[in-house]
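One-based numbering, in listed order, for ligands and for the atoms of each.
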Amino acid sequence: MKEIALAGNANSGKTTLFNYLTGANQRVGNWPGVTVERKAGYLKKDKAILLQDLPGIYSLSPYTPEELVTRKYLLEKRPDKIVDVVDATNIERNLYLTLQLLETKIPLVVALNMADLLNKQGRRINTKKLAYLLGIPVIKISALKRKNIDTLVGEMQKKQATPEIIPKYDPRLESALAQIAKQLQGIVAKDELRFYAIKLFERDEQIQAELKLDAKRQETIACLIQTAEKIFDDESSSIIINARYDFISRVMDQCVIDEGDFSLSISDRIDLIVTNRFLALPIFFGVMWVVYYLSIQVIGTAGSDWLNDVLFGKYIPNFTEELLRSWHVAPFMQGLIIDGIIGGVGAVLGFLPQIMMLFLCLGILEDCGYMSRIAFVMDRIFRRFNLSGKSFIPLLVSTGCGVPGIMATRTIEAEKDRKMTIMLTTFMPCSAKLTVIALIAGTFFKGQSLAAPAAYFLGIIAVIGSGIYLKKTALFAGDPQPFVMELPAYHLPKLDNIVRYVWLKSKGFVQKAGTIIFASMVVIWFLSNFNFRLEQVPEEESMLKGLGSLLAPVFVPLGFGDWRAVSAVLTGLIAKENCVATLQVAFGNPPQARFDQLLIAAYTPMAAYAFLAFNLLCAPCFAAIGAMHKEYGDASWTWRAIGYQTFLAYLVAMLIYQISVLASGNYSIYNVVLVLLGITLIVYGLFIKKSKPQPLEQTIEMRGSEWSQR
Ligand code: GDP
Ligand code: MG
């Protein structure tokens with residue numbers, strides 16, 4: 001058994017390669033921080049090789065959580081080989097890591113990825129020379145286009161000696177390193193001398209702590225470093241950085257030919273418009289409007305209507321009813337199966353076409369590179385409010401599911417920002433909440449193209465608004481973190497990536513309907529058909545009504561102070577799909593009435609929208625709460641987060657409903673008071689406690705050669 005690690009910068013294509021080689025379904029995303037934990041899988045072609053997909057890193061100095069995970073793994077586990085996935089279009093920056101990987105003396109292969117883009121860039125890289133200068137195999141591949149992967153696998157299977165050629169830097173630096181290495185003799189393995197010498201020279205605190213050198217050695221080393229700093233008139237860590245870039249530029253001179261004609265590439269030209277200071281946001285809103293409107297209200301609806309009205313509305317129930325009757329199944333069992341399970345689970349499954357359509361659109365936007373621009377654009381806006389664009393990446397992940405979104409916050413180094421982002425991540429509509437959006441938009445707002453997209457924008461506004469407010473509170477105040485993000489070139493979406501994405505989302509959705517929702521509906525059906533003396537009764541006398549009515553008064557100001565909606569909110573905590581399923585079961589199955597007509601009779605459109613807003617923003621499902629608890633590692637923080645989310649949800653939903661009451665003209669003083677109270681609270685949060693003016697635009701956008709020092 002051999003263990004091989006994939007290491008490289010963020011976005012160099014490690015996960016794409018990993019998925020292809022192992023047949024795994026890890027998420028490929030073109031923003032940093034998608035892979036926060038390492039993932040392992042066996043090679044499809046050679047089960048004797050275990051491949052590790054590591055989080056993307058820029059150096060082996062532990063600055064970021066990703067770097068910590070990767071460095072710990074490489075240094076402690078020492079895999080049999082590292083495949084360094086290098087983005088050939090950004091070779092200068094990527095080689096910076098390659099040099100450090102070489103120093104670990106773990107056998108190394110360079111996979112020069114994205115070779116398909118080189119031609120377009122007008123660049124040629126001589127791999128033979130590069131391999132010669134680095135003393136390790138270099139293979140040009142394209143993980144996306146599946147080019148030359150077999151050669152790489154062949155190289156992975158080969159036995160490879162420890163790399164011998166070690167880049168030689170400035171002689172004045174080399175002598176310091178040699179003398180530090182001498183101090184380490186007998187303390188670290190011979191092969192690792194240079195790595196540790198360099199780390200000590202950089203004054204890497206973790207390595208200092210790990211080595212536990214005696215005072216004399218420590219002093220000798222400190223003295224050497226000080227001398228070097230005087231000679232170079234520079235800090236020790238930047239002496240190393242400069243030495244590495246000097247070496248890289250010498251290598252580049254030898255191996256890289258640039259024929260590029262300095263004009264902007266198509267990708268850069270698209271970015272001029274898409275990330276334009278003024279156009280970026282309107283374009284983003286436009287794009288998301290089209291995506292949500294098309295998938296939830298237009299295209300997806302056709303499929304859903306058929307599923308809801310015909311398949312789960314007629315064929316399956318009628319067929320099952322016949323069957324159950326012919327088997328003489330007890331009437332209450334028939335009710336459970338037809339109204340409870342088929343009705344409830346079917347109501348959720350009916351939205352599968354919308355889910356698939358939405359993830360198809362999101363998958364395309366993500367894969368082609370558009371979504372990573374949004375993180376960059378949002379960073380520009382967030383920064384004005386002391387937030388970092390890093391906080392936006394978990395939100396993008398959350399549009400699939402809140403749990404990985406919450407986990408993605410691990411890339412945020414600033415503890416306060418991370419805690420805050422965990423709190424805000426689940427405001428984004430995940431696939432489960434989509435069923436609620438689709439139900440409300442499809443039932444109450446037919447043909448109104450803003451209804452579904454507005455739910456998405458409401459999520460974003462809740463995030464930004466909360467960010468502005470929370471950043472001013474003592475709990476979260478602090479300067480924004482620098483956000484380094486590289487914008488990968490746009491490329492045509494890759495069909496199998498997208499199919500895999502849609503398939504995974506749909507599979508998860510159906511599985512959840514068949515398990516959690518199924519079980520919930522059995523319970524809900526029971527509660528809504530029996531009274532506390534366990535006699536079968538109509539819904540109006542059921543336990544569910546009794547229980548729901550207890551809390552119903554709390555929701556009267558929100559317009560849905562009704563036991564059915566309240567039960568839906570509560571079961572939504574188990575899984576948000578339950579909101580839809582519970583409504584369906586709670587409304588029962590009166591003859592000749594359609595579910596949507598029952599809903600329209602029970603709630604006003606704006607009460608329904610308030611219901612949607614509340615479920616969108618309030619405490620997330622238990623799975624997400626569990627993830628929050630895990631990341632906070634602290635119950636009081638989890639409660640604080642849930643409390644804030646639920647409070648905000650209540651406030652927003654109340655305003656939506658109460659303003660609609662005012663607008664209808666038919667209001668009382670009570671409505672006016674509620675609206676004024678709500679608006680005052682929001683204005684207070686946003687404006688009253690003014691924060692200090694902050695420097696704007698600190699983001700560094702890294703692109704190829706512009707990247708020089710970290
Ligand atoms: P990771 O961060 O290193 O795991 O990178 P990913 O595998 O998530 O890929 C980042 C982005 O680069 C995705 O949009 C991929 O589709 C894209 N990508 C990966 N390999 C290639 C390649 O060989 N050519 C091109 N053009 N794009 C690629
Ligand atoms: Mg990855």
Report yes or no: is the cationic atom of [X] (NZ for Lys, CZ for Arg) closer than 6.0 Å to the six-membered ring centre of [Y], at no more than 45° off its axis?
X	Y	answer
R277	F376	no
K47	Y42	no
R373	Y490	yes

Quiz prompt | Results of salt bridge (Lys or Arg N to Asp or Glu O under 4.0 Å) for K147 - residues two or more places apart only | solution =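 Checked K147 against salt bridge (Lys or Arg N to Asp or Glu O under 4.0 Å); zero matches.
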
Practice problem: Indicate whether any N or O donor in one side chain lies under 3.5 Å from an N or O acceptor in the other, for S12 and N9. | Solution: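 There is no such pair (donor and acceptor under 3.5 Å, judged by atom type) between the side chains of S12 and N9.
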
Exercise. Examine the side chains of Q254 and Y132 and answer whether a donor and an acceptor come within less than 3.5 Å of each other.
Key: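 Distance-only check fails for Q254 and Y132.
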
Quiz item: Is the closest heavy-atom distance from S12 to ligand 1 below 4.0 Å?
Solution: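 Heavy atoms of S12 do come under 4.0 Å of ligand 1.
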
Quiz item: Does T16 put an N, O or S atom under 2.8 Å from the Mg ion (ligand 2)?
Solution: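 No, T16 does not qualify, because none of its backbone or side-chain N, O or S atoms lies under 2.8 Å.
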
When you look for heavy atoms under 4.0 Å from ligand 1, do you find them on the side chain of [X], its backbone, both, or neither?
X	result
N113	side chain
H491	side chain
L117	side chain

Element-labelled atoms of ligand 1 that are located less than 4.0 Å from some non-hydrogen atom of [X]:
X	result
T15	1 (P), 4 (O), 7 (O)
D116	22 (C), 23 (O), 24 (N), 25 (C), 26 (N)
S142	22 (C), 23 (O), 24 (N)

Quiz item: Could you go step by step and tell me if E192 and R78 meet the salt bridge (charged side-chain N to carboxylate O under 4.0 Å, His left out) rule?
Solution: CA-CA 11 Å; E192 296 169 22; R78 291 192 76 82; 3.4 Å; yes

Self-check item: Pair Y96 and Y58, ring centroids less than 6.0 Å apart
Solution: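 Not under 6.0 Å, so no.
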
Does any N or O of ligand 1 fall below 3.5 Å from an N or O anywhere on [X], backbone included?
X	result
A10	no
N11	yes
A143	yes

